[in-house]
Novice: 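Got a structure for you, written out below as structure tokens; questions coming shortly.
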Amino acid sequence: YNGAVNLDSTNASAYMWLGQLYEDEGELEKALSYSRKGLSLQPDNMHYRYIVGSELHRTGRTEEAIDLLIDVVQELPHHAGAHYNLGQALVKAGNKEKGFRYLTIADSLQKVESSIEELESLAKMNPDEMMNWVKLGDAYKKSDQLEEALRAYKTALYYAPWNYALQNNIADLTVSLGDTVRGIERYISILKQNPNLPDVWLNLGVAYANSGRYDDARWAWNRALKYDPDHTLAKEYLTRLSGEE
């Protein structure tokens, strides 16, 4: 790594790895020095901010650590380590109530991470078991890690391409991640295969409504009622839509 930074003084990852090596050796001041250089080259890299913030905390620079780690937990709300180090730093700075709150979140996130790691391991050991990928996708979705959930569901779909519940989950996540057009296309594709799916019609209507296509939304929700006349949400959405016009 020294050779790498000598050849290229803008190699941020080399500085960060040098910092990690020095941290592993217990030389925290050297570690912090190199990590700061890496962060200065990529100041928006949240992983780098977490490393520097943690090293600042461990070297007693509490206020600086708090400033960095607050940004990290805001951008990476599922990062257990960032919550833990921020909580410790806040307690050390005298803000015990807020610090303990972050420590509690860290403990909860750590349990979720452990569960996800187990599910990842299970899915990799038995990759052709569709339900392993579904359970992994569900765990990611529950922890609001939507991109990871989408990847897991798509892997599951490879083994069960006609599973409408999976296809619907993928469409939902596609919309949630901001790609409404592709989400609508997937809903329509599902319904061409099997129109007797009122919840898919409902979701299609929601996607249309969020895109400002209210006539299309009304049509989709009426189709939901065709296949399930007692569908409460479809009725509610249609009533709400009529009231807004």
Side-chain angles (χ1 to χ4, degrees), residues 46-47 50 71-84 86 101-194 196-211 217 220-221 224 227-228 231-234 236-237:
M46 288 297 144
H47 181 62
Y50 163 65
D71 290 340
V72 178
V73 299
Q74 289 175 343
E75 291 294 323
L76 304 176
H78 309 291
H79 198 303
H83 282 82
Y84 178 80
L86 177 57
R101 193 157 62 242
Y102 278 106
L103 290 173
T104 300
I105 295 171
D107 182 60
S108 177
L109 289 172
Q110 184 58 53
K111 291 175 182 176
V112 171
E113 285 184 3
S114 296
S115 175
I116 287 175
E117 286 173 5
E118 290 178 9
L119 290 169
E120 285 176 339
S121 178
L122 188 62
K124 289 174 182 176
M125 286 191 295
N126 303 282
D128 56 343
E129 291 289 336
M130 183 266 288
M131 283 308 300
N132 289 338
W133 294 104
V134 173
K135 290 177 181 177
L136 178 59
D138 290 345
Y140 276 132
K141 187 177 179 180
K142 187 176 180 181
S143 66
D144 204 32
Q145 299 182 60
L146 301 187
E147 291 182 357
E148 290 81 357
L150 182 59
R151 282 194 287 270
Y153 286 143
K154 283 184 174 180
T155 304
L157 190 65
Y158 174 81
Y159 297 103
W162 302 110
N163 187 304
Y164 298 125
L166 263 177
Q167 293 186 42
N168 187 50
N169 279 340
I170 290 170
D172 289 347
L173 287 172
T174 302
V175 171
S176 295
L177 287 166
D179 195 345
T180 305
V181 172
R182 285 185 183 274
I184 289 173
E185 288 174 353
R186 187 173 286 274
Y187 288 132
I188 292 172
S189 175
I190 297 168
L191 292 165
K192 283 180 178 178
Q193 298 168 44
N194 183 359
N196 188 20
L197 297 168
D199 285 342
V200 179
W201 285 110
L202 180 82
N203 294 339
L204 174 61
V206 171
Y208 278 141
N210 289 338
S211 302
W221 290 332
Y227 295 104
D228 181 1
H231 202 296
T232 304
L233 278 177
E236 180 183 326
Y237 290 161

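Positions are given from 1 along the sequence.
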Novice: Which pair of non-hydrogen atoms, one from Ile170 and one from Arg186, has the smallest distance, and what is that distance?
Specialist: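 Shortest heavy-atom separation between Ile170 and Arg186 comes out as CG2-NE, 3.3 Å.
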Novice: Indicate the atoms forming the closest heavy-atom contact of Leu173 with Tyr153, along with that distance.
Specialist: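 Between these two residues, the closest heavy atoms are CD1-CD1, 3.4 Å.
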Novice: Is any side-chain heavy atom of Ser189 closer than 4.5 Å to a side-chain heavy atom of Gln193?
Specialist: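 The answer is yes, as the side chains (C-beta and beyond) meet within the 4.5 Å cut-off.
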Novice: Hey, what do you get for CD (Glu148) to CG (Leu136), rounding to the nearest 0.5 Å?
Specialist: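 Result: 9.5 Å between the selected atoms.
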Novice: Would you kindly say whether His83 and Asp107 are connected by a side-chain donor-acceptor distance under 3.5 Å?
Specialist: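 Looking only at side-chain atoms, Asp107 and His83 do not form any donor-acceptor pair under 3.5 Å.
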Novice: When rounded to the nearest 0.5 angstrom, what is the spacing between CG in Leu233 and CG in Asp228?
Specialist: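 Leu233 CG to Asp228 CG: 10.5 Å, rounded to 0.5 Å.
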Novice: For Glu147, is the CD atom crowded, meaning more than 12 foreign heavy atoms sit under 6.0 Å from it?
Specialist: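 For Glu147, atom CD is not crowded (no more than 12 foreign heavy atoms under 6.0 Å).
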Novice: Measure across Ala217 and Gly205 and return the closest heavy-atom pair with its distance rounded to 0.1 Å.
Specialist: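 Looking at all heavy atoms of both residues, the closest pair is CB-O, 3.3 Å.
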Novice: Would you indicate whether the side-chain heavy atoms of Met46 and His79 approach each other to under 4.5 Å?
Specialist: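 They are not in side-chain contact.
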Novice: To the nearest 0.5 Å, how far apart are CG in Leu150 and OG1 in Thr174?
Specialist: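 One finds 5.0 Å between CG of Leu150 and OG1 of Thr174.
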Novice: Over all heavy atoms of both residues, which pair between Leu109 and Ala80 is shortest? Give the atoms and the distance, please.
Specialist: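 Looking at all heavy atoms of both residues, the shortest contact is CB-CB, 3.8 Å.
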Novice: Describe, in one word, how the ring planes of Trp201 and Tyr227 are oriented to each other, choosing from parallel (under 30°), tilted (30 to 60°) and perpendicular (over 60°).
Specialist: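 If you compare the ring of Trp201 with that of Tyr227, the planes turn out parallel.
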Novice: Quick check: does any side chain N or O of Trp221 sit under 3.5 Å from a backbone N or O of Leu202, one acting as donor and the other as acceptor?
Specialist: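 A pair under 3.5 Å: yes.
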Novice: From Leu122 CG over to Glu120 CD, what is the distance, rounded to the nearest 0.5 angstrom?
Specialist: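 So the CG of Leu122 and the CD of Glu120 are separated by 11.0 Å.
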Novice: Decide yes or no for Tyr50 and Leu76: does some side-chain heavy atom of the first lie under 4.5 Å from some side-chain heavy atom of the second?
Specialist: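 Result no, sub-4.5 Å side-chain heavy-atom pair not found.
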Novice: Between Gln110 and Tyr84, does a side-chain contact (heavy atoms from CB on, under 4.5 Å) hold up when you go through it step by step?
Specialist: CA-CA 10 Å; Gln110 184 58 53; Tyr84 178 80; over 6 Å; no
Novice: Is Lys142 paired with Asp138 through a side-chain N to carboxylate O contact shorter than 4.0 Å?
Specialist: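 No, no charged N to carboxylate O under 4.0 Å.
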Novice: Measuring from Trp162:CH2 to Leu157:CG, what's the distance to the nearest 0.5 Å?
Specialist: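 That separation rounds to 10.0 Å.
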Novice: Do you know which two heavy atoms are closest between Lys124 and Pro127, and how far apart they sit?
Specialist: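 Taking every non-hydrogen atom into account, O-CD, 3.5 Å.
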Novice: Measuring from atom CG of Asn203 to atom CG of Asn169, what distance do you get when rounded to the nearest 0.5 angstrom?
Specialist: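 The CG atom of Asn203 sits 9.5 Å away from the CG atom of Asn169.
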Novice: Count the heavy atoms belonging to other residues, nucleotides or ligands that lie under 6.0 Å from OH of Tyr237, then report whether that count exceeds 12.
Specialist: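 More than 12 heavy atoms, drawn from other residues, nucleotides or ligands, come within 6.0 Å of this atom.
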Novice: Give me the atom names and distance for the closest heavy-atom approach of Met130 to Ala156.
Specialist: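 Closest pair (atom of Met130, atom of Ala156, distance): CG-O, 3.4 Å.
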Novice: Which residue in the set Ile190, Asn194, Ile188, Asp172 passes side chain to side chain contact (heavy atoms under 4.5 Å, CB included) when paired with Val200?
Specialist: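 With Val200 as partner, Ile190, Asn194, Ile188, Asp172 yield a single side chain to side chain contact (heavy atoms under 4.5 Å, CB included), made by Ile190.
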Novice: For the backbone of Pro161 and the side chain of Gln167, can you confirm whether one donor and one acceptor N or O come within less than 3.5 Å of each other?
Specialist: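 Checking the backbone N and O of Pro161 against the side chain of Gln167, a donor-acceptor pair under 3.5 Å is found.
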Novice: Quick one: are Met131 and Val134 in side-chain contact, heavy atoms under 4.5 Å?
Specialist: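 Yes, their side chains come closer than 4.5 Å.
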Novice: Is there a donor-acceptor pair under 3.5 Å between the side chain of Ser108 and the backbone N or O of Thr104?
Specialist: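 No; zero donor-acceptor contacts below 3.5 Å.
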